[in-house]
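Numbered from 1 within each chain, the chains take letters A, B, ... in sequence-line order. Remember, predicted model here, so these are calculated numbers, not experimental data.
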There are 2 protein chains.
Amino acid sequence: MHNAVEAIDFAELVRKAGLRPTRQRLSLARQLFLNGDRHVTAEQLHSESLGQGFGVSLATVYNTLHQFTTAGLLRELVVDAGRSYFDTNVSAHHHLYFEDSGELRDVPGDNVTIGDLPALPDGAEISRVDIIIRVKNGDGTS
Amino acid sequence: MHNAVEAIDFAELVRKAGLRPTRQRLSLARQLFLNGDRHVTAEQLHSESLGQGFGVSLATVYNTLHQFTTAGLLRELVVDAGRSYFDTNVSAHHHLYFEDSGELRDVPGDNVTIGDLPALPDGAEISRVDIIIRVKNGDGTS
DNA sequence: TAGTTTATTAGAATGATTCTAATTTAACTT
DNA sequence: AAGTTAAATTAGAATCATTCTAATAAACTA
Ligand SMILES: [Mn+2]
Ligand SMILES: [Mn+2]
Ligand SMILES: [Zn+2]
Ligand SMILES: [Zn+2]
């Protein structure tokens, strides 16, 4: 788990993912992992970058998010048709989705249990289980 | 529950949804509900219609699917970014998603139990819980 | 440093979905 | 049944997140 107490070596993080530690990837990694758990869209991360005076193309933001996801640093979530969120928390957990605000919040993984599943076809295996609890009429503010 | 044993009065079904029983809506309702549970995309339903010699515009397919969903006749599912499925089974159940083939299959609702949920903000309520079990390396064939 | 591979980027392309505005149809009223 | 009105259908344009292309730039290796 990443946290702000011990410094993170972003260059090492990126290299371990099999990627070159470019200026863009290091900045994006910092934005994503420096302050703990986040759920962001590509557009959000992009405009956040620009707001911090760090120019990066939207294409690179998409490329980087997918590369980090493939490397296991991020998890991709689909809550709305036509928009992907990327989650910096890759451990087992599920989500509360506030339909009004679009906010995603974590639910500890042990709050949900899955019983018997139907038999899977030969060779098939579960790649992941996504559980999204959709909430309406709430603003997502604690 | 709709089934093929007792005939369904589609005109009544559509009227009860507060909609005029047009030729288009009656045909689409027949395709959706005549032969039991289905998980379809708008594009699938549209080309299926054309294949049956029944011309309907894609706009009307989208309109009808959303109207049926609002009326509680269908449930919209998001499994992939950028593509919505519509489920004719609106009772409590969850889904097995075959990532390779794109097939969706039902999982009985009582195979999954959700324990304690985090407290929700005032006024918030759960609109629904979506559980998608993603399967890879399976062709979806029984 | 020179050569090689990988990454970044602007802008075009894609594809599902939505929108617009014109035409057609269903339902209702004489 | 004909006329009237509200609702529905439609072709095509528009949207918008995402992906692609192909040219430039930066990172690594020898
Ligand atoms: Mn993706
Ligand atoms: Mn929709
Ligand atoms: Zn999360
Ligand atoms: Zn289903």
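Rounded to whole Å, the distance from CD on Glu76(B) to P on dA16(C) is 15 Å. Rounded to a whole Å, the CZ atom of Phe86(B) is 14 Å from the P atom of dA16(C). For the pair Asp80(B) CG and dT18(D) P, the interatomic distance rounds to 12 Å; values are reported in whole Å. In this structure, Gln44(B) atom CD and dG15(C) atom C1' are separated by 15 Å, rounded to whole Å. Rounding to whole angstrom units, CZ of residue Arg83(B) and P of dT18(C) are separated by 14 Å. Atom CZ in Arg15(A) sits about 13 Å away from atom P in dA7(C), given to the nearest Å. Separating the CG atom of Leu26(A) from the P atom of dA7(C) is a distance of 13 Å, rounded to the nearest angstrom. Atom CG in Leu65(B) sits about 15 Å away from atom P in dA16(C), given to the nearest Å.
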Spell out protein contact along nucleotides 6-12 of chain D as letters: B when the base is contacted, S when just the sugar-phosphate is, - when no protein heavy atom is under 4.0 Å; keep the 5' to 3' order.
-> BSSSBB-
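Ring pair His46(A)/Tyr62(A): centre-to-centre distance not below 6.0 Å.
For the atom pair OH of Tyr85(A) and CD1 of Ile132(A), the computed distance is 10.5 Å after rounding to the nearest 0.5 Å.
The existence of a salt bridge linking Arg134(A) and Asp130(B) is confirmed by a sub-4.0 Å separation between a basic side-chain nitrogen and an acidic carboxylate oxygen. Classification of Glu48(A) and Arg38(A) as a salt-bridged pair holds, one side-chain N sitting under 4.0 Å from a carboxylate O.
The nearest pair of heavy atoms linking Ala42(A) to Val61(A) is O-CG1, 3.6 Å.
Residue Glu43(B) has its side chain nearest to dT17(C) when only dT18(D), dA26(C), dT17(C) are considered.
Between Tyr62(B) and dT18(C) there is no side-chain polar atom (N or O) within less than 4.0 angstrom of OP1 or OP2. Of the side-chain N and O atoms in His66(A), one or more sit less than 4.0 angstrom from OP1 or OP2 of dT19(D).
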Report the C-alpha distance between Asp106(B) and Asp87(B) in whole Å, list the side-chain angles of each, state the deciding distance to 0.1 Å, and finish with yes or no for side chain to side chain contact (heavy atoms under 4.5 Å, CB included).
-> CA-CA 10 Å; Asp106(B) 285 345; Asp87(B) 189 345; 4.0 Å; yes
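Ring planes of His39(A) and His95(A): perpendicular class, angle over 60° (limits at 30 and 60°).
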